[in-house]
Amino acid sequence: MTETAPHRIGAEQTRGSAANRLDVTHVGGDSYAVEVRGHHIQVDQPVDSGGTDTAPTPTELFVASLATCVAFYAGRYLHRHGLSRAGLRVRAEFVMATDRPARISSVRVVVVTPPELPEQRRAALLAVASHCTVHNTLEHPPEIDIELAL
């Protein structure tokens, strides 16, 4: 038998800083409930994948995390510069890889700026939005440990 390193996931294992935690609980079928800081999110799978399609998939939430982080950073930039966030939108598209392992092969994020954004602010807005926490994390992947608990 080959020895392998343990696979653990859990914020309690986070090194060097205070841990953040969320809990995922099976609801039924392919549906799971997520609880984080008193907030509740549900995930499911589409009907054609065996779920009941009552909520987004974990993969969709992953891309949504990136898109909402980009939106947050863009919105903060606009606010900091006294510009309206009215009309700010972010659209994300992703493509699944066709080979193994199962994963997303590409993501496209489009920031739709408010109509009154001055041309001279566009490059700076894009630079700020491109350095959101989720994007930075994808660019510099964290250590991930997944373990079993009894």
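Sequential numbering from 1 along the given sequence is applied to the chain's residues.
Heavy-atom neighbours of H131 NE2 from other residues, nucleotides or ligands within 6.0 Å: at or below the threshold of 12. Atom CZ of R80 sits in a crowded spot, with more than 12 heavy atoms from other residues, nucleotides or ligands closer than 6.0 Å.
F62 has its side chain within reach of I104: a pair of non-hydrogen atoms, C-beta onward, lies under 4.5 Å apart.
The hydrophobic cluster containing V47, built from Ile/Leu/Val/Met/Phe/Trp/Tyr side-chain heavy atoms closer than 4.5 Å, comprises no other residue.
The minimum heavy-atom distance linking V36 with R21 is given by the pair CG2-O, 3.9 Å. Of all the heavy atoms in D30 and G51, the pair that sits closest is OD2-N, 3.7 Å. Shown here for S84 and E116, the closest heavy-atom pair between the two residues is CB-OE2, 3.4 Å. Scanning all heavy atoms of the two residues, the minimum distance from H135 to S130 falls at ND1-O, 2.6 Å. In terms of heavy-atom proximity, P118 sits nearest to L83 at CD-CD2, 4.1 Å. Taking every heavy atom of both residues into account, S31 and H26 meet most closely at O-CD2, 3.7 Å.
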Can you give the donor-acceptor pairs under 3.5 Å from side chains of residues 65-78 to other protein atoms, not counting sequence neighbours?
residue : atom : partner : partner atom : Å
S65     : OG   : L61     : O            : 3.0
T68     : OG1  : A64     : O            : 2.8
T68     : OG1  : S65     : O            : 3.3
Y73     : OH   : T133    : OG1          : 2.9

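Qualifying salt bridge (Lys or Arg N to Asp or Glu O under 4.0 Å) partners for E119, counting only residues two or more places apart in sequence or in other chains: R122. Legend: residues meeting salt bridge (Lys or Arg N to Asp or Glu O under 4.0 Å) with R108, ordered by chain and number and at least two apart, are E93. Considering only residues two or more places apart in sequence or on other chains, D48 meets the salt bridge (Lys or Arg N to Asp or Glu O under 4.0 Å) condition with none of them. Residues satisfying the salt bridge (Lys or Arg N to Asp or Glu O under 4.0 Å) test with R121, not counting sequence neighbours, are none.
Cluster annotation: V134 and L22 are assigned to distinct hydrophobic clusters (Ile/Leu/Val/Met/Phe/Trp/Tyr, side-chain heavy-atom contacts under 4.5 Å, transitive).
For the side-chain contact (heavy atoms from CB on, under 4.5 Å) test with Y32, the passing option among V24, T25, I41, D44 is V24; the others fail. Between L88 and the options T113, V111, L117, a side-chain contact (heavy atoms from CB on, under 4.5 Å) holds for only V111.
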